[in-house]
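Here the structure comes first, spelled out in structure tokens, and everything after it is commentary.
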Number of protein chains: 2
Amino acid sequence: MELSEVTGDRLVQILATLANPHRMRILAALAGGEDYVSRLAREMGISRALLQVHLRKLEAAGLVTSRLVLSEDGKAMKYYDIEPFSLHLTPEALAAAALSLTADQSQGDRK
Amino acid sequence: MELSEVTGDRLVQILATLANPHRMRILAALAGGEDYVSRLAREMGISRALLQVHLRKLEAAGLVTSRLVLSEDGKAMKYYDIEPFSLHLTPEALAAAALSLTADQSQGDRK
DNA sequence: TCCATCTGCAAACAAATACTTGCAGGTGCT
DNA sequence: AGCACCTGCAAGTATTTGTTTGCAGATGGA
């Protein structure tokens, strides 16, 4: 995914998603190869529920993908993998992205 | 500012700061040249108080700088300017940054 | 003096986020 | 049946973030 391909709104979503220690560490972990939820939670030392919440956000932002795999012993495992991206942030790039921010001037038109 | 120069924690701060429509538009406006608070607020159509809050965040993140200028007619004007940055975000780069996240595993050790 | 401009900030409220806890369903093995 | 795995999600609470409103101080000119 390239910066030139995303709208301002989507860029905001992506940046907000990346701006979190847990999610950053999750990406770091997945950078070493795909993994399934329970195991990843154990490796990171966080609860599965918490991990799931973050994984859902990462997936919503398009930063990771998931697939359900039936293991040999019948267990359903959900594997997550990184969706490659390359976002070169510069003042000019952001200025360009800002042009495609939705009309209203705040964040997600409140009321 | 380069990605390799910032710690994981600082990167989180920077990304969180960028992940906001108002602040993105402020940067876009400043990309066209420095400006002072009141004028910028008028141009953007937002309140001065709101703009100030966002400018403070941008400055705290090191994305803009400010200087107080005494205009000819004696008014004190606060000019803001962009602090150039170039952050190339990739899974690998984030993984590297994640290594320097502070020990605790959540966001800003709560209690 | 009154008005227009510039600045700054805090208090109060609204809304979005993060996290925990608890419950639910599934398989297979002993 | 009971235990060890796997999954999913919602309710409740704690915390952070965003925004408005209101006040305050300064200058210069009519």
Side-chain angles (χ1 to χ4, degrees), chain A residues 9 12-26 34-61 64 66-80 101-102 104-111, chain B residues 9 12-26 34-61 64 66-80 101-102 104-111:
Chain A
D9 292 316
V12 167
Q13 181 192 13
I14 292 173
L15 293 177
T17 303
L18 293 177
N20 175 288
H22 274 149
R23 291 193 288 267
M24 203 146 138
R25 299 207 307 144
I26 291 171
E34 58 172 17
D35 206 349
Y36 64 93
V37 185
S38 291
R39 191 153 80 93
L40 188 52
R42 279 193 298 269
E43 291 172 340
M44 297 187 55
I46 64 177
S47 74
R48 193 173 50 83
L50 178 56
L51 176 60
Q52 277 179 322
V53 170
H54 288 304
L55 282 173
R56 257 177 256 145
K57 274 216 165 186
L58 285 166
E59 188 164 28
V64 302
S66 68
R67 63 203 172 89
L68 210 52
V69 176
L70 271 296
S71 67
E72 300 181 350
D73 60 329
K75 308 285 175 55
M77 338 268 280
K78 188 156 194 181
Y79 276 86
Y80 278 89
L101 282 172
T102 41
D104 81 310
Q105 51 219 61
S106 31
Q107 47 156 13
D109 43 4
R110 78 177 57 278
K111 185 175 43 294
Chain B
D9 292 316
V12 167
Q13 181 193 13
I14 292 173
L15 293 177
T17 303
L18 293 177
N20 175 288
H22 274 149
R23 293 193 287 269
M24 203 147 140
R25 298 207 308 146
I26 291 171
E34 59 173 16
D35 205 349
Y36 64 93
V37 186
S38 291
R39 192 153 79 92
L40 188 52
R42 278 193 300 270
E43 290 172 340
M44 296 186 57
I46 65 177
S47 75
R48 193 173 49 83
L50 179 55
L51 176 59
Q52 278 179 321
V53 171
H54 287 304
L55 282 173
R56 259 177 254 145
K57 273 216 166 187
L58 285 166
E59 188 164 28
V64 303
S66 68
R67 63 204 173 88
L68 210 51
V69 176
L70 271 296
S71 67
E72 300 180 350
D73 60 329
K75 307 286 172 55
M77 336 267 281
K78 189 155 193 181
Y79 277 85
Y80 277 90
L101 282 171
T102 41
D104 82 311
Q105 52 219 61
S106 31
Q107 47 157 13
D109 42 5
R110 78 178 58 279
K111 183 173 47 299

May I have the distance from [X] (atom [atom1]) to [N] (atom [atom2]), rounded to whole angstrom?
X	N	atom1	atom2	result
B:Arg25	D:dT19	CZ	P	11 Å
A:Asp35	D:dC6	CG	P	11 Å
A:Leu55	D:dC9	CG	P	12 Å
A:Gln52	D:dA10	CD	P	11 Å
A:Gln13	C:dA16	CD	P	15 Å
B:Lys75	D:dG25	NZ	P	18 Å
B:Asp73	C:dT7	CG	P	12 Å
B:Leu40	C:dC6	CG	C1'	14 Å

Can you tell which of [options] lies closest to the side chain of [X]?
X	options	value
A:His54	D:dT27, D:dT7, C:dC19	C:dC19
A:Ser47	C:dC9, C:dT20, D:dG8	C:dT20
B:Tyr36	D:dG22, D:dT7, C:dT7	C:dT7

Give a yes/no on whether any side-chain N or O of [X] is located under 4.0 angstrom from OP1 or OP2 of [N].
X	N	value
A:Lys78	D:dC6	no
B:Lys57	D:dG18	yes
A:Ser38	D:dC6	yes
B:Asn20	D:dT17	no
A:Arg56	C:dT17	no

Which atom names give the shortest non-hydrogen contact between [X] and [Y], and what distance separates them?
X	Y	answer
A:Leu18	A:Met24	O-SD, 4.1 Å
B:Ile26	B:Leu40	CG2-CD2, 4.3 Å
B:Glu34	B:Arg67	OE2-NH2, 2.6 Å

Return the CZ to CG distance between B:Arg39 and B:Leu51, rounded to the nearest 0.5 Å. 12.5 Å
From B:Leu50 CG over to B:Arg48 CZ, what is the distance, rounded to the nearest 0.5 angstrom? 11.5 Å
Need one value for B:Val37: base, sugar-phosphate or nothing, where a base atom within 4.0 Å counts as base even if backbone is also close, heavy atoms only. sugar-phosphate
So what does B:Ala76 hit on the nucleic acid, given a heavy-atom distance under 4.0 Å: a base, only sugar-phosphate, or nothing? sugar-phosphate
Under-3.5 Å donor-acceptor pair between B:Arg23 side chain and D:dG18 base: no
Would you mind telling me which residue lines up with the more 5' stretch of DNA chain C, B:Arg42 or A:Glu72, judged by nearest nucleotide? B:Arg42
Of B:Arg39 and A:Leu50, the one whose closest nucleotide on DNA chain C sits nearer the 5' end is B:Arg39
Relative to the 5' end of DNA chain D, which residue comes earlier, A:Val53 or A:Met77, by the nucleotide with the nearest heavy atom? A:Met77
Is the shortest heavy-atom distance from the side chain of A:Asp9 to the side chain of A:Leu101 under 4.5 Å? yes
